Amino acid sequence: MAREGKDRMELARGLILLPNNRAARALQDAFVRRADGGLLLPRLVALGDAEIDERLGPLFDPADGSEPIPPAVEPLQRQLILARLIEEQGGATGGEAMRLAADLARTLDQLNVEQIAPERLRAIDVGELTQHWARSLRLLELVLACWPEELRRLGRIDLSDRRNRLLMRVASDWRAAPPPGFVVAAGISTAAPAVARLLRTIAHMPNGRVVFDALDTSMPEEQWASLGPHQADAVTGRAPPSVETHPQYHLKLLLDRMGIGRGEVQRWRWGGGHAARAGRSRLISNALAPAPFTVDWTDLARKDRDRSGVELLEVATPADEAQAIALALREALEAPGRTAALVTPDRGLAQRVSAHLKRWGVEASDSAGTPLSVTPPGTLLLAIVEAVAEQFSPVPLLALLKHPLVEAGEGRPAWLNHVRALDHALRGPRPAPGLAGVSARLGADNDAWRAILPRIEPIESGFAAATDLSGWLAALREATERLAGDEVWARPAGRAAADFLEQLEAHAGLGPQRVDFAQVAPMLGELMNGIAVRPPQGGHPRIFIWGLIEARLQQADLTILGGLNEGTWPALPSPDPWLAPRIRAELGLPGLETRIGLAAHSFAGGLGAPQVLITRARRDARGPAVASRFWLRLEALTGGLPRATRLADWARALDGVTRPQPALRPQPSPPMADRPKRLAVTDLDRLKADPFAFYARAMLRLKVLDPVDADATAAWRGTMVHDVLERWAKEDSCDPSKLRARAEAMLEAAEAHPLMRALWEPRLMEAIDWIAAEMAEMKAAGRKFLVAEEKGELEVFGVTLNGRADRIDRLPDGKLAIVDYKTGNAPNAKQVSGGYAQQLGLIGLMAERGAFKGVDGTAAAFEYWSLARNKEDGFGKIVSPVDPNGARDRIRTDEFVERAARTLQAAVETWLTGAAPFTAKLHPEHAPYGDYDQLMRLDEWYGRDQDR
């Protein structure tokens with residue numbers, strides 16, 4: 001405006017080329033802020049725009065007879081076709097072919113951008129390559145040989161090729177006839193040959209200017225020359241490696257390709273108003289110097305390592321980092337007119353900060369966008385496909401039914417009530433596959449399932465009728481609309497999902513033909529990961545969150561550089577599965593580490609703000625994190641930058657975290673009148689060893705729920721075995737010849753994973769055969785079966801004792817034998833003698849006092865029939881915790897019932913009819929189960945103060 005703004009029409013005739021659309025919007029906002037009395041803006045064009053010819057308008061007019069440039073092939077269409085070509089050449093199939101196609105598309109773009117003909121691949125000597133790289137190269141040659149024919153058939157060209165042609169045509173036209181108005185290319189750092197040719201043309205036009213972003217004009221010439229690219233050695237024919245990780249490398253490469261020396265570049269006269277003082281530039285240049293020149297750090301003057309205005313913040317976790325950054329951004333709003341921005345490549349960190357800012361009503365969405373795969377429409381598409389692929393097993397089925405877009409609206413509360421009931425009903429092992437298996441598990445009288453099933457049955461049948469990718473995508477679209485209606489396609493994320501599904505469905509026939517349905521969900525996820533859903537314009541006018549690309553040409557009063565860990569900033573170089581590093585070097589392609597240099601350039605640009613805060617977390621989700629090389633260089637150069645510890649302190653204070661106050665061992669003591677007056681024989685151990693667990697279960701009525709889609713646990717196996725033995729006893733009168741058939745029928749119908757069933761079946765059947773043999777032997781000796789799985793109750797000591805007898809037999813002498821089945825090992829005699837594992841004795845007490853119908857007499861035998869391994873390397877053994885003579889420190893058989901009764905009486909009088917508190921983990925050695933450990937906050941007090 002200072003140079004051209006005197007004539008408003010002259011300003012309107014101008015053109016400004018920028019690296020991306022975000023920079024164009026930022027420049028437009030800058031013009032608007034200075035547009036007092038109105039303004040006609042120059043044309044702002046993003047160089048990376050796919051339709052740059054349309055954006056240039058009359059400045060790009062092929063009406064001179066030039067042949068029109070064909071349109072570009074759509075990226076998704078190209079990936080599908082490349083995947084099919086890879087499949088046809090025997091490279092891979094299905095989802096793996098799509099993944100390789102994405103990498104191949106990037107390699108193809110790099111060849112186009114660098115203007116390297118694919119035919120050069122044939123001239124490469126593969127003799128020194130490993131078999132893997134040689135095979136990849138041959139496959140690449142075959143695919144690229146077919147690709148041009150595919151493009152001719154479509155009448156299209158690659159987008160990168162089209163951009164090259166457009167830029168070269170613009171450069172050629174402007175050399176012959178420059179535009180009438182001024183032309184400025186600002187902040188463009190791409191060193192592609194076509195871009196360099198255009199910038200050279202602009203620089204030599206009478207009304208053209210090229211403005212470089214963060215070009216280090218004060219860098220010593222020796223360092224500048226060391227960056228490369230270097231001339232090849234006359235003897236070896238190889239050039240020394242370039243320093244591609246340096247932030248100035250790509251700018252040097254661009255100047256070299258423009259044919260312009262760094263000394264010809266003049267200092268830009270007008271500052272942006274958000275620059276740090278001059279000393280910061282020297283700090284940045286020295287900190288990021290090429291490695292061989294860091295030896296000069298010891299001789300640097302104080303002014304060359306100026307630390308003013310730069311702070312570091314190192315916290316424990318990414319959550320702490322996000323909280324501290326949000327506080328720093330919020331603090332900036334206290335100063336009128338002050339702006340602040342977070343710049344980070346870590347999208348997870350950006351989303352966390354955005355969520356924290358909403359606490360204060362500050363809307364600052366991540367301008368880099370959110371992957372479509374994690375937006376509600378994207379997750380719904382994936383949930384549907386995963387549920388179908390898993391044959392509607394409980395976990396993916398419930399995830400689908402609980403999705404926020406499913407049944408959104410007035411019917412949502414009733415729908416969620418049905419889903420919660422279904423969640424409760426599907427706890428335990430997985431039912432049989434398909435909706436029919438779920439129906440068989442739940443039964444016909446389950447109201448929740450009857451309400452849900454009609455909505456999802458057509459989904460199962462729709463996918464079952466499809467046989468290829470096109471049919472599955474059509475079924476997916478119909479299923480999505482059936483569950484969520486048109487609401488799923490609303491708002492930016494919904495429109496992006498609709499466009500994606502429409503394009504994929506339209507071009508699916510061009511893609512790979514051998515796609516297994518199990519690969520569809522991962523394939524969709526990968527494709528949607530590459531689609532960024534950006535927020536609509538708006539948000540807070542002074543707080544911003546930018547990615548590295550969005551931050552170019554923009555600065556704020558406070559710039560926060562977040563996520564400074566290796567692997568995040570800079571990111572690890574993405575491997576190229578198609579071209580070995582040596583081949584890339586021979587072809588003249590940029591190295592894989594070029595991205596590190598671009599990340600360094602972004603870091604250097606952010607570091608130039610007036611006030612800078614650099615943050616990192618010592619850990620990430622995977623474990624301890626390593627500080628970024630940029631962080632370490634700053635620390636090494638300066639000897640340590642100031643720490644913004646106040647932000648970490650504020651973050652802790654904001655969440656109310658002061659000095660930890662561990663909970664004490666819980667000891668609830670309800671009134672005696674409210675204490676339970678019923679006790680199961682199996683709960684006596686819990687009452688004595690862990691009274692709090694008994695209190696939580698009996699008084700608070702908190703019962704442990706099995707996980708959804710649980711493995712077959714020992715308790716589940718025990719229940720199944722007890723059911724078989726009960727039916728065998730009640731329906732077959734313990735006929736040994738019929739037990740095996742019942743066990744086989746149980747295994748056939750068991751809802752267990754096939755692997756679990758295969759591992760369990762051999763030992764179970766051996767133990768079952770052992771039970772049958774033992775019963776046959778006992779029957780021959782005169783022992784008779786009386787009852788099995790019989791429930792009984794007994795009023796004793798002021799409470800009602802209840803229990804279930806696994807089996808009670810009549811011995812030849814008329815006395816009773818109490819039997820308890822165990823799928824694992826039986827309790828040992830030491831436990832029983834110590835007053836625990838009293839179940840056999842209490843069942844004997846109930847039997848002697850007539851608690852079981854049809855059973856009377858004296859209990860004279862107490863046996864655990866265990867299905868565990870025996871001493872003879874088989875399965876099945878009978879163990880008794882008592883002995884007629886009290887041998888081996890066992891309880892005498894004739895005293896067991898009486899001792900069990902005394903143990904019961906002591907516990908009842910202590911906790912149920914007494915006033916003792918229900919202390920947590922009173923005897924932890926006898927309380928192995930941790931069902932209520934979280935409720936009692938065990939980790940906070942256990943081991944710290946056992947006497948509390």
Side-chain angles (χ1 to χ4, degrees), residues 1-66 69 163 166-190 194-215 217 251 254-255 258-260 264-275 537 541 552-555:
M1 291 181 68
R3 297 181 59 163
E4 315 289 349
K6 295 178 181 178
D7 182 352
R8 292 192 176 188
M9 295 308 298
E10 182 64 27
L11 188 66
R13 283 191 291 267
L15 168 68
I16 302 179
L17 291 175
L18 296 153
N20 52 56
N21 288 319
R22 182 76 193 188
R25 287 196 297 270
L27 184 55
Q28 178 177 307
D29 293 342
F31 273 116
V32 170
R33 286 193 295 270
R34 294 179 176 268
D36 295 332
L39 184 69
L40 293 175
L41 294 180
R43 189 183 298 270
L44 307 179
V45 177
L47 193 67
D49 198 312
E51 306 297 335
I52 187 173
D53 49 341
E54 296 183 10
R55 302 292 183 268
L56 289 173
L59 300 179
F60 178 82
D61 187 2
D64 58 355
S66 301
I69 297 176
R163 186 178 288 119
L166 287 171
L167 296 180
M168 289 189 293
R169 178 172 292 182
V170 169
S172 176
D173 291 348
W174 286 359
R175 277 196 300 271
F182 68 87
V183 178
V184 175
I188 297 170
S189 55
T190 303
V195 173
R197 191 174 296 115
L198 175 62
L199 296 187
R200 175 181 173 83
T201 299
I202 294 173
H204 286 83
M205 289 181 351
N207 55 353
R209 290 186 292 279
V210 177
V211 183
F212 294 100
D213 174 29
L215 176 66
T217 57
L251 289 174
L254 175 60
L255 286 174
M258 290 174 63
I260 294 175
E264 299 178 67
V265 180
Q266 301 175 2
R267 297 283 295 180
W268 183 246
R269 205 182 135 184
W270 292 274
H274 290 288
Q537 294 300 307
R552 291 180 185 175
L553 306 191
Q554 302 192 86
Q555 272 189 345

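For this chain, numbers begin at 1 and follow the sequence in order. Given the structure is predicted, the values throughout are model-derived calculations rather than measurements.
In this structure, CG on L39 lies 13.0 Å from CZ on R33, to the nearest 0.5 angstrom. Distance CZ/R169 to CD1/I69: 4.0 Å, rounded to 0.5 Å. One distance of note links CZ of R175 with NE2 of H204; it measures 11.0 Å at 0.5 Å rounding. F212 contributes atom CZ, which lies 5.5 Å from atom CG of L254 (distance to the nearest 0.5 angstrom). How far CG of L18 is from CZ of R25: 11.5 Å, rounded to the nearest 0.5 Å. Here the straight-line distance linking atom CG of L41 with atom CZ of F31 works out to 6.5 Å at 0.5 Å rounding.
The backbone N or O of A46 sits nowhere less than 3.5 Å from a side-chain atom of N21 that would complete a donor-acceptor pair.
Listed here is the closest heavy atom pair of A23 and L553: CB-CD1, 3.9 Å. The two atoms that bring V195 and T190 nearest to each other are CG1-O, 3.5 Å, heavy atoms only. Taking every heavy atom of both residues into account, L199 and V210 meet most closely at O-CG2, 3.5 Å. Of all the heavy atoms in A203 and I260, the pair that sits closest is CB-CD1, 4.2 Å. Minimum heavy-atom separation, E10 to F182: O-CE2, 3.8 Å. Contact detail for M205 and P179: the closest heavy-atom pair is CE-CD, 3.9 Å.
Looking at heavy atoms from C-beta onward, R197 lies out of side-chain contact with L167 at the 4.5 angstrom threshold. You'll find the side chain of M258 stays beyond 4.5 Å of the side chain of E264, heavy atoms only. Inter-residue side-chain proximity for L47 and P19 is flagged as unmet; no heavy-atom pair is nearer than 4.5 Å. For the pair L15 and V45, the minimum side-chain heavy-atom distance is below 4.5 Å. The shortest distance between side-chain heavy atoms of L17 and L198 falls below 4.5 Å.
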